[in-house]
There are 2 protein chains.
Amino acid sequence: MTESRFSGETTEPARPPKRAARTKSTRDGGDKRERILRAATRVFAKKGFYATRVSEVAKAAGVADGTIYLYFKSKDDLLVSLFEDRVVLLLATLERELGKRPSPRERLRAIIELQLGLLEGERDLAEVITVNLRQSTRLMKQYAAPKFLLYLETIARVVSEGQKSGVFRDDVSPHVVARAIFGALDGLTMTWALGKADPGGLSRAATQIADVLLTGLETGLGTGLESAR
Amino acid sequence: MTESRFSGETTEPARPPKRAARTKSTRDGGDKRERILRAATRVFAKKGFYATRVSEVAKAAGVADGTIYLYFKSKDDLLVSLFEDRVVLLLATLERELGKRPSPRERLRAIIELQLGLLEGERDLAEVITVNLRQSTRLMKQYAAPKFLLYLETIARVVSEGQKSGVFRDDVSPHVVARAIFGALDGLTMTWALGKADPGGLSRAATQIADVLLTGLETGLGTGLESAR
DNA sequence: GGCGCGTGACTGAATCGCGATTCAGCGGAG
DNA sequence: CTCCGCTGAATCGCGATTCAGTCACGCGCC
């Protein structure tokens with residue numbers, strides 16, 4: 001890593017060998033960049049980023065060591081790209097789904113269930129995100145943090161709206177709550193990924209956590225369960 | 001790292017130069033091992049474990065590069081020792097405090113407030129634990145995970161007891177709740193450490209989170225706030 | 001149709017720098 | 001004088017990155 005540059009970004013992010021190769025490649029099946037990313041996710045999850053040799057990723061992807069450098073600037077770029085390609089997409093999906101839910105209550109539940117649901121099928125990715133991405137403080141601050149912040153903002157906004165409309169208690173900071181929720185989901189995912197990762201476990205957890213959090217957050221208005229107004 | 005051994009542990013953990021040096025050292029003030037650990041915490045927090053050269057830690061501690069190897073087996077051992085020395089102690093304190101709280105409700109609140117309170121004065125340590133320790137999947141699994149598990153168990157037990165005595169809802173898994181709580185605290189600490197780390201921020205957050213979680217977890221029995229059963 | 005050439009993706013062995021670890025000494029204390 | 005903690009420059013292995021080739025292909029020409 002040497003984690004030093006990441007500022008000027010002189011050279012272009014990578015360079016997909018000309019056009020072509022994009023989705024079909026010339027001779028082999030599936031495009032290479034994708035194969036490499038998938039292999040990297042697998043290997044990073046198993047051995048950790050720093051302990052993984054570029055040559056191991058190459059072997060796992062079935063390409064030559066040098067090929068990786070045709071698609072990625074460096075080993076770091078591999079990790080960063082992984083994050084960008086997957087997580088950003090994942091967060092986008094989540095954000096899009098949010099649009100469909102009308103009430104803050106449903107929105108919050110959706111956030112919880114979607115985040116956990118999406119990662120449930122991607123154990124390796126889950127591990128890379130919850131563990132390996134934390135590898136470098138700098139990487140974290142440069143790339144991950146901003147994206148996470150954005151996500152935190154989304155949660156905080158939902159909470160805040162709920163407070164404004166009176167369905168959520170307003171004696172807590174939306175920001176603090178957002179961080180806690182994010183952390184809870186993150187922790188749940190991490191222990192799940194590092195542990196047995198039993199199928200369905202995350203989704204089941206999602207429901208429970210959503211129940212507890214919502215109960216803790218709701219003022220009781222509009223639940224159909226309130227005693228007085 | 002090479003993160004490979006960590007199994008047989010043939011050589012002894014380290015070797016404090018004979019006895020002596022323990023708390024007073026011969027000529028300099030404060031014992032060296034401690035100085036090194038403190039410096040390591042500082043530097044690791046600032047640059048990340050892998051990006052930190054052993055020589056940097058040495059410089060920060062005001063000792064020669066080689067001296068570090070008189071107290072620690074390797075760079076890894078430095079990180080592991082840091083974790084063992086500090087966190088284990090920290091968790092012990094917490095566990096001891098727990099004994100003083102009678103009800104599950106107070107116990108849970110204590111867990112939350114203690115964990116955040118203890119880390120509040122140790123920003124660098126907080127960062128190392130929440131970020132840097134995650135560096136190596138193997139290190140994580142070998143050293144950190146077991147300790148964390150123990151901690152998770154503690155939380156789970158408190159929740160479980162609360163359920164048995166009827167003060168906590170019992171339609172959620174104590175384990176899931178424990179992981180979520182742990183994650184929430186961890187996430188809160190991490191964002192705090194990586195961000196501005198405003199003084200008092202963590203404690204304030206603790207109270208709020210405890211309020212929300214307890215409300216979400218309580219059945220309403222004995223709160224003096226319940227409407228029906 | 002067959003053939004030679006140019007192009008560019010791909011290969012993988014060699015390079016080269018970095019930095020953890022070592023160890024031959026040094027100096028103060030007893 | 002001996003012992004021991006400490007020193008810090010030199011060593012040495014590792015592994016990311018490079019780059020001189022290889023190979024398949026498509027194209028234009030015969």
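Numbers restart at 1 for each chain; the letters A, B, ... are given by sequence-line order, proteins then strands.
- Set against C:dT22, D:dT17, C:dG12, the side chain of A:Y69 has D:dT17 as its closest nucleotide.
- Summarising the geometry, atom CD1 belonging to B:I36 is positioned 6.5 Å from atom OG1 belonging to B:T67; distances are rounded to the nearest 0.5 Å.
- If you take CG of A:D65 and C1' of D:dA20, they are 16 Å apart, rounded to a whole angstrom.
- Phosphate proximity of C:dC10 to A:Y71: present, with a side-chain N or O under 4.0 Å from OP1 or OP2.
- Below 30°, between 30° and 60°, or above 60°: for B:F148 and B:F182 the angle between ring planes is between 30° and 60°, a tilted geometry.
- The phosphate of D:dC6 has OP1 or OP2 within less than 4.0 Å of a side-chain N or O from B:K32.
- Taking atom CG on B:L70 and atom C1' on D:dT7, their separation rounds to 9 Å, with Å as the unit.
- The CG atom of A:L78 sits 10 Å away from the P atom of D:dT17 (whole-angstrom rounding).
- Ranked by how close their nearest DNA chain D nucleotide is to the 5' end, A:S55 and A:T67 are led by A:S55.
- Residue A:R53 places its side chain closer to D:dG15 than to any other of C:dT11, C:dT21, D:dG15.
- Distance, A:D76 CG to D:dA16 C1': 10 Å, rounded to whole Å.
- D:dC14 atom P lies 17 Å from atom NZ of B:K75, rounded to whole Å.
- Under the side chain to side chain contact (heavy atoms under 4.5 Å, CB included) rule, B:L108 has a single partner from B:I181, B:L213, B:L98, which is B:I181.
- Taking 4.0 Å as the cut-off between side-chain N and carboxylate O, B:K100 and B:E97 count as a salt-bridged pair.
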